[in-house]
Student: 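I have a structure I would like to understand better, so I am pasting it below and will then ask my questions one at a time.
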Amino acid sequence: MSETALAALLRAIRQRASEAGAPWGSRAYLSPAPQGTAYPYLVFQKQAGGEINGVRARDAEFVMLVKAIDDSLAGALAAATVISERFNDAGVYDRPAGPLDGGADWVIQTTTEEQNVFYSERLDGRLVYHSGAQYRVRMEAV
Amino acid sequence: MPTYNGNNAYLAIDGVDVSGFYQTFTPSRSMDGIDITAGAGKDHRQRAEGLADGSCSGTVVYDTAAVNTYMAALDVGEHTVTYGPEGNAPGKPKHQQKYIFTSIDGPTVDIEKSKVVFDFSGDAADAPINNILAGAVF
């Protein structure tokens, strides 16, 4: 096995987030985004999880946060819709055509959207909106 | 040696190795005590050994790549189960017995995407072929 489950998942999320047509363009980062990144942009990070020991094979479950940050409320909410379309029910058992790619070592079995994420903050004198969701991801080693 | 806390068990049903797909397996043994209390003035029950009996229960996951290789071995009916809690290396404890699988539940799918499994249980069809409690090994 050449990579951990988390490594495979981070790469799969980055890959899906970078597909053409997203409001954030190529601005998708493992949190935090670089200083001065233009709005909107997307960040993702692990919230919880690890090996679940449900079977003899290596298996893992993570809760991942995926959210867009924008200085437009409408923009942030629209970006959250795209996030949901790309990451909810995106495992091989949810979406046989075009699932998240776990690479050579891992299968991303299911992804399930759970907690909605939305809040605003005042940054450099203007309102900035965070909008997205937490996703529960189950994986198993090939 | 320390207490065993492992999951490297060997489990085969009718010769089909399901070691990679089990979640639990328990073989059980039982025996009724036959009341033989006799004679006047007894103040304590007396018993003798009755017939031995056995049962088993287990859970096997639904592996989409391999399920067709072992699903038939889980159906109701007579099956030979071979079990080694420490694996099947030579010298490791072994239990082998014919069971009548009297029930099989699953595969159950639920909306919360829980792991899909088969739950089975059975009654012994005969005395053990290899009795782990009598010291049988692979």
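By convention in this document, chain letters (A, B, ...) are assigned in the order of the sequence lines, proteins followed by strands, and residues within each chain are numbered from 1. Everything numeric here is computed off the predicted structure, so don't read it as measured data. Note: hydrogens, waters and symmetry copies are ignored here, and every other heavy atom, side chains too, is used.
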Student: Which atoms of A/Arg138 are under 4.5 Å from chain B, going by heavy atoms: the side chain, the backbone, both sets, or neither?
Tutor: side chain

Student: So, are B/Lys113 and A/Asp89 salt-bridged, with charged N and O less than 4.0 Å apart?
Tutor: yes

Student: Does B/Lys92 NZ have over 12 foreign heavy atoms under 6.0 Å away?
Tutor: no

Student: For chain B, which residues from residues 49-68 of chain A have at least one heavy atom closer than 4.5 Å to it?
Tutor: A/Gly54, A/Val55, A/Arg56, A/Asp59

Student: Should A/Trp24 and A/Ser18 count as side-chain neighbours, where that means a heavy-atom distance under 4.5 Å?
Tutor: no

Student: side-chain hydrogen bond (donor to acceptor under 3.5 Å, both in side chains), that's the test. Do B/Asp35 and B/Thr37 meet it? Break it down for me.
Tutor: CA-CA 6 Å; B/Asp35 191 336; B/Thr37 312; 2.6 Å; yes

Student: Side chains of A/Tyr29 and A/Pro34: does their closest heavy-atom pair fall under 4.5 Å?
Tutor: yes

Student: Within the 4.5 Å heavy-atom criterion, are A/Tyr135 and A/Ile83 side-chain neighbours or not?
Tutor: yes

Student: Side chain from CB out, backbone as N, CA, C, O: work out which of these in A/Gln109 comes under 4.5 Å of a heavy atom of chain B, or both, or neither.
Tutor: neither

Student: Using non-hydrogen atoms and a 4.5 Å limit, figure out which bit of B/Asp63 sits close to chain A: side chain, backbone, both or neither.
Tutor: side chain

Student: Identify every side-chain donor-acceptor pair in residues 119-138 of chain B under 3.5 Å, counting partners at least two apart or on other chains, and give the distances.
Tutor:
{"residue": "B/Asp119", "atom": "OD1", "partner": "B/Thr59", "partner atom": "OG1", "Å": "2.6"}
{"residue": "B/Ser121", "atom": "OG", "partner": "B/Ser103", "partner atom": "OG", "Å": "2.8"}
{"residue": "B/Asn131", "atom": "OD1", "partner": "B/Leu133", "partner atom": "N", "Å": "3.0"}

